[in-house]
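Residue numbers count from 1 along this sequence.
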Amino acid sequence: ALYTGGRYYDTGQEVDAIEAIMTVLAAEFGDMAFDQQVWNLCAGNPDWTIDLLCEALGRTPGRVAASLSRLSQRDLLGHRR
């Protein structure tokens, strides 16, 4: 596991292993609800801008940009931006 970027846990370390898995899952999927909100707004308004999304969601440009980046990496915004 160490050579592939993971970590090895011996028998008896199941609590540590589960906590590590939960950390990875939270990092990977923790923003899904927010990303869904951003996607819904983008899909419903082809003329969206970051400023409009920030205003509609009450979030900072950095938070919105991070969501747009995640959505773009998964090609969920098409080729718009």
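By the side chain to side chain contact (heavy atoms under 4.5 Å, CB included) test, Ile21 pairs with Leu25, sequence neighbours left out. Contacts of Asn40 classified as side-chain hydrogen bond (donor to acceptor under 3.5 Å, both in side chains), with partners at least two apart in sequence or in another chain: Gln36.
Among all heavy-atom pairs drawn from Ser67 and Phe34, the shortest one is CB-CE2, 3.7 Å.
The backbone N or O of Leu52 lies less than 3.5 Å from a partner atom in the side chain of Thr49, making a donor-acceptor pair.
Under the salt bridge (Lys or Arg N to Asp or Glu O under 4.0 Å) criterion, the residue pairs touching residues 30-45 are Asp31-Arg63, Asp31-Arg70, Asp35-Arg70, with sequence neighbours excluded.
Leu41 and Leu76 fall within a single hydrophobic cluster, where Ile, Leu, Val, Met, Phe, Trp and Tyr side chains are chained together by heavy-atom contacts under 4.5 Å. Hydrophobic clustering of Ile, Leu, Val, Met, Phe, Trp and Tyr side chains at less than 4.5 Å, counting indirect connections, unites Val38 with Ile50.
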Determine all donor-acceptor pairs shorter than 3.5 Å in which one atom belongs to a side chain in residues 10-19; sequence neighbours excluded.
residue : atom : partner : partner atom : Å
Asp10   : OD1  : Tyr8    : OH           : 2.9
Gln13   : OE1  : Asp10   : N            : 2.6
Glu14   : OE1  : Gly12   : N            : 3.3

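The side-chain heavy atoms of Trp39 and Leu68, taken from C-beta on, include no pair separated by under 4.5 Å. Within the 4.5 Å cutoff, the side chain of Cys54 has no heavy atoms near those of the Thr60 side chain.
Here the straight-line distance linking atom CG of Leu53 with atom SG of Cys42 works out to 4.5 Å at 0.5 Å rounding.
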